[in-house]
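Here the structure is laid out as structure tokens; the discussion comes afterwards.
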Amino acid sequence: MSVSQETAAALVQELFELQRVMRRVLKESTAERDLSVVQMSLLSHLASVPARRAKDIGADSGLGASVMSRQLSHLEKLGFVERAPDPEDGRAQLVKITEQGRRAVADHLEADTQRLIERLGVLSEDDASQTREGLNRLTDIFLTSLGLERMTTCLPQVDPESAHGARIPHAPQGPATHTTTTETTHRLEDNVL
């Protein structure tokens, strides 16, 4: 059974409203960040994939070559990414995240998580989990319809077995996979959720 015209129209309106308010939330939190949303998105993506060519990262993100070049150069100056010759093509370079970049992702994710906890104070754990599952499902449907995979998944994850709460990397998930951990999907485009 497919979704009715009325339900789809209402969902479109809700998505536009969520998009509008998320731009405001991101703008408000920008003052507290040392990295832009685009830079954080690039770092998050690089933390979940092996070293890649800048043009491939650009294709995934939808960023133009000049914007991609500027952003990667800035991240490289900060020590968050590094470039190395592509062993398959000596003329090309591979970009990969550094340990310092991974720490920056973890720190920003932690700060964003704390800000979100403050905003979501009216939700119970169960309500928040159901909301996450709904958003996760909707994201999966959109990604599948576009033939895309998630750019990022939950990157730093607290190891429940560790007494010290050490962070462990989380393996990237395909679009049809649902995880039980909190998942953060960053989009690089300002106008797309």
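- Between the CD1 atom of Ile57 and the OG atom of Ser41 there is a distance of 12.5 Å, given to the nearest 0.5 Å.
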Next on the checklist: Go through it in stages, so that I can follow the logic: the residues are Val105 and Ile97, the test is side-chain contact (heavy atoms from CB on, under 4.5 Å), and I'd like the CA-CA distance, side-chain angles, deciding distance and then a yes or no.
Outcome noted: CA-CA 10 Å; Val105 170; Ile97 192 168; 4.1 Å; yes
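- Going from atom CG of Leu135 over to atom CG of Leu18 covers 7.0 Å, rounded to the nearest 0.5 Å.
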Throw together a table of side-chain donor-acceptor distances under 3.5 angstrom for residues 67-82, partners on residues two or more places apart or in other chains.
from  : atom 1 : to    : atom 2 : distance (Å)
Gln71 : OE1    : Gln39 : NE2    : 3.1
Ser73 : OG     : Ser69 : O      : 2.9
Glu76 : OE1    : Arg83 : NE     : 3.0

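- Within the 3.5 Å criterion, the main-chain N or O of Ala47 finds a donor-acceptor partner in the side chain of Arg102.
- Proximity of a side-chain donor or acceptor of Thr113 to a complementary backbone N or O of Leu109 within less than 3.5 Å is detected.
- With side-chain heavy atoms closer than 4.5 Å counting as contact, directly or through intermediates, the hydrophobic cluster containing Leu116 also holds Leu120, Leu123.
- Between the side chain of Ser145 and the backbone N or O of Phe142, at least one donor-acceptor pair lies under 3.5 Å.
- Met40 contributes atom CE, which lies 6.5 Å from atom CG of Asp112 (distance to the nearest 0.5 angstrom).
- Among Asp56, Asp89, Asp86, the one residue that satisfies the side-chain contact (heavy atoms from CB on, under 4.5 Å) test with Leu94 is Asp86.
- In this structure, the separation between CZ on Arg103 and CD on Glu99 is 7.0 Å, given to the nearest 0.5 Å.
- Salt-bridge annotation for Arg115 and Glu118: absent, with no side-chain N of the basic residue lying under 4.0 Å from a carboxylate O of the acidic one.
- Closest approach of Leu43 and Ala104 over heavy atoms only: CD1-CB, 4.5 Å.
- Every residue two or more places apart in sequence or in another chain was checked for a salt bridge (charged side-chain N to carboxylate O under 4.0 Å, His left out) with Arg24, and none qualifies.
- One distance of note links CD of Glu125 with CD of Gln130; it measures 11.0 Å at 0.5 Å rounding.
- More than 12 heavy atoms of other residues, nucleotides or ligands shown are found within 6.0 angstrom of CD on Gln114.
- One distance of note links CG of Leu138 with CG of Leu143; it measures 9.5 Å at 0.5 Å rounding.
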